[in-house]
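Here is the structure we will look at.
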Amino acid sequence: MNATLFVCTTCRAGEPAMEGQPVPGARLYAALATASVPEGLTIAPVECLSACGNGCAVALSAPGCWSYVYGRLGEGDTAEILAGATAYAATPDGLVPWRERPQIFRKQSLARIPPQER
């Protein structure tokens, strides 16, 4: 399956914006974009996921699948985010069994959105 991991590049994670310094969301995107990404997964920057009160946020989506939004993430979570996104991309419907999800995907889910009907 082809899945997309959207990363909010404007998330400030409660930090004040410092002139000339990337915000935490941009740093998270940079860490994910430079990591080894499995086939079938695309990492895409977005300007806002409207999860501003929840630190850095990402969303997982694929055609005909459940979508998820996760928050309270940071650069140190890159490996777990990619592990969760890889598991998601391997499913036919976006439903990864709870026990097979990385800890941060179990505890830091902000939303689960049903697939659009075709």
Side-chain angles (χ1 to χ4, degrees):
M1 166 184 23
N2 290 320
T4 302
L5 176 67
F6 296 98
V7 183
C8 179
T9 58
T10 56
C11 284
R12 289 185 284 160
E15 295 180 12
M18 302 294 284
E19 186 68 33
Q21 299 294 318
V23 295
R27 293 193 310 261
L28 175 59
Y29 172 73
L32 289 164
T34 59
S36 178
V37 179
E39 189 173 328
L41 180 65
T42 300
I43 298 177
V46 293
E47 288 197 14
C48 186
L49 288 172
S50 290
C52 302
N54 291 290
C56 293
V58 300
L60 275 169
S61 183
C65 294
W66 284 84
S67 296
Y68 293 85
V69 180
Y70 299 99
R72 301 177 302 280
L73 304 170
E75 295 167 82
D77 299 317
T78 300
E80 276 192 281
I81 293 169
L82 288 174
T86 299
Y88 175 86
T91 68
D93 54 9
L95 298 173
V96 177
W98 191 83
R99 292 189 198 303
E100 295 175 22
R101 297 177 195 169
Q103 187 73 16
I104 59 171
F105 279 16
R106 291 183 208 169
K107 302 289 184 181
Q108 292 164 222
S109 177
L110 303 178
R112 184 173 103 145
I113 304 155
Q116 289 185 334
E117 293 184 26
R118 295 179 183 192

Search all heavy atoms of [X] against all heavy atoms of [Y] and return the closest pair with its distance.
X	Y	answer
G94	T91	N-OG1, 2.8 Å
A85	L41	CB-CD2, 3.6 Å
A26	P22	CB-CB, 4.1 Å
L28	C56	CD2-CB, 3.9 Å
F105	L60	CE2-CD1, 3.7 Å

- prompt: Of all residues at least two apart in sequence or in a different chain, which pass the salt bridge (Lys or Arg N to Asp or Glu O under 4.0 Å) check with R101?
  reply: none
message: Going by salt bridge (Lys or Arg N to Asp or Glu O under 4.0 Å), name the residues that satisfy it together with E75, two or more places apart in sequence or in a different chain.
response: R27
Sequence neighbours left out, what passes side chain to side chain contact (heavy atoms under 4.5 Å, CB included) with [X]? Give chain and number order.
X	answer
C52	C48
P115	W66
A35	T78, L82

message: Under the salt bridge (Lys or Arg N to Asp or Glu O under 4.0 Å) definition, can you give me all pairs with a residue in residues 76-93, not counting sequence neighbours?
response: none
message: By the salt bridge (Lys or Arg N to Asp or Glu O under 4.0 Å) test, which pairs, at least two apart or in different chains, include something from residues 47-71?
response: none
message: Checking Y88 now: which residues fulfil ring pair (Phe, Tyr, Trp, His ring centres under 6.0 Å) with it, not counting sequence neighbours?
response: none
- line: dist C8:SG -> N54:CG (nearest 0.5 Å) comes out at 11.0 Å
- line: Separation between CG (L5) and CG (L32), nearest 0.5 Å, reads 6.0 Å
Give the other cluster members for [X], using side-chain heavy-atom distances under 4.5 Å between Ile, Leu, Val, Met, Phe, Trp and Tyr residues; answer none if it is isolated.
X	result
W98	none
L110	V69, I113
F6	V46, L49

message: Determine whether a donor-acceptor pair (N or O, by modelled atom type, separation under 3.5 Å) exists between the side chain of T34 and the backbone of A31.
response: yes
task: Using the test side chain to side chain donor-acceptor pair (under 3.5 Å), find all partners of S67 that sit at least two apart in sequence or belong to another chain.
output: S61
query: Taking atom CD of Q103 as the centre, does the number of heavy atoms from other residues, nucleotides or ligands within less than 6.0 Å exceed 12?
result: yes
query: Mind checking whether R112 and L95 have side chains closer than 4.5 Å, heavy atoms only?
result: yes
message: Show, in sequence, the C-alpha distance, side-chain angles and deciding distance for N2 and T42, and conclude whether the side-chain contact (heavy atoms from CB on, under 4.5 Å) test is met.
response: CA-CA 8 Å; N2 290 320; T42 300; over 6 Å; no
